[in-house]
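One structure is given here, and the rest of the page talks about it.
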Amino acid sequence: MQTAKKLKQDEKKVVLAYATLKLKANRLNKELDSMKENIVNLFDRTNQNLVIVQDEHGNSFGIQKINRKRKNLDKDKFKLAHLDLWNKFQKEIEYAEYKAIGEVSNAQ
């Protein structure tokens, strides 16, 4: 693995904090995704739009279901119907991604 040149102490701290938080966020997003089906089923079964529960200390937590609408371009249909325009307005973008590397279990 290639490492950076000599890092200052504060730079080491920010790299460690960023990587740790990024790994935690990835783990938490996976946990949320795995729970979502149960939440959808709960709201479907109870036919409610708000569910509130209490923890062992009496603190209330809840989830509210909010149905929203938005418009979205159907890119596949547009591409089929107007390939010339599709090609004319395509552009390549360049961006940087900062991927966390490390053991997920260490990012508790």
Side-chain angles (χ1 to χ4, degrees):
M1 179 185 295
Q2 186 179 16
T3 58
K5 296 178 181 157
K6 185 82 170 156
L7 295 178
K8 298 175 188 171
Q9 197 61 32
D10 59 331
E11 292 171 330
K12 288 180 183 178
K13 285 181 182 177
V14 76
V15 168
L16 179 61
Y18 182 90
T20 303
L21 286 173
K22 188 87 171 177
L23 290 166
K24 280 182 190 177
N26 292 345
R27 181 179 51 80
L28 290 171
N29 282 328
K30 285 180 184 176
E31 285 183 44
L32 286 169
D33 285 345
S34 70
M35 291 180 192
K36 189 167 185 178
E37 185 178 343
N38 290 330
I39 297 300
V40 169
N41 291 339
L42 168 73
F43 279 97
D44 287 347
R45 184 182 61 76
T46 61
N47 200 25
Q48 297 183 88
N49 66 349
L50 178 65
V51 176
I52 298 175
V53 297
Q54 289 186 332
D55 67 6
E56 61 274 3
H57 305 291
N59 300 310
S60 295
F61 297 90
I63 302 173
Q64 183 178 14
K65 177 184 175 184
I66 301 171
N67 293 317
R68 301 189 189 275
K69 288 184 179 184
R70 67 178 181 183
K71 294 193 177 209
N72 193 16
L73 177 67
D74 188 333
K75 294 183 272 185
D76 294 332
K77 284 184 182 178
F78 183 83
K79 185 177 178 181
L80 284 173
H82 304 286
L83 185 58
D84 55 333
L85 284 174
W86 176 265
N87 289 328
K88 181 178 179 180
F89 288 98
Q90 288 292 304
K91 69 178 183 178
E92 187 174 291
I93 61 171
E94 201 171 300
Y95 63 96
E97 178 182 344
Y98 299 94
K99 181 178 178 184
I101 298 171
E103 289 294 322
V104 176
S105 60
N106 292 336
Q108 302 294 325

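Keep in mind that what you see is a predicted model, and the values were worked out from it rather than measured.
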Return all side-chain donor-acceptor pairs below 3.5 angstrom for residues 53-71, not counting sequence neighbours, or 'none' if the list is empty.
unit_1, atom_1, unit_2, atom_2, d
Asp55, OD1, His57, N, 2.9
Asp55, OD1, Gly58, N, 3.1
Asp55, OD1, Asn59, N, 2.8
Asp55, OD2, Asn59, ND2, 3.3

Exercise. With no hydrogens and no angle check, is any side-chain donor or acceptor of Ser34 less than 3.5 Å from a backbone partner on Glu31?
Worked result: yes
Exercise. Partners of Ala100 by side-chain contact (heavy atoms from CB on, under 4.5 Å), sequence neighbours excluded?
Worked result: Ala19, Lys22, Leu23
Problem set entry | Transitive ILVMFWY cluster of Tyr95, excluding itself - 4.5 Å side-chain cut-off | Ile93
For residues 74-90, dump all side-chain donor-acceptor pairs below 3.5 Å to protein atoms at least two apart in sequence or in another chain.
unit_1, atom_1, unit_2, atom_2, d
Asp74, OD1, Asp76, N, 3.3
Asp74, OD1, Lys77, N, 3.2
Asn87, ND2, Leu83, O, 3.3

For this session: Hey, could you give me the NZ/NZ distance between Lys8 and Lys13, rounded to the nearest 0.5 Å?
Result: 14.0 Å
For this session: Look up atom CG in Leu28 and atom CG in Asp33, then write down how far apart they are to the nearest 0.5 Å.
Result: 11.0 Å
Exercise. If you measure from CZ on Arg27 to CG on Leu32, what distance do you get to the nearest 0.5 Å?
Worked result: 10.5 Å
Problem set entry | Under 4.5 Å side-chain linkage, directly or through intermediates, the cluster mates of Tyr98 | Tyr18
For this session: Tell me who clusters with Leu50, hydrophobic residues only, linked when side chains sit under 4.5 Å apart either directly or through other members.
Result: Ile52
Under 3.5 Å, side-chain donor or acceptor atoms of residues 37-49 against the rest of the protein: list the pairs with distances, not counting sequence neighbours.
unit_1, atom_1, unit_2, atom_2, d
Asn41, ND2, Glu37, O, 3.3
Thr46, OG1, Leu42, O, 2.8
Thr46, OG1, Gln48, NE2, 3.4

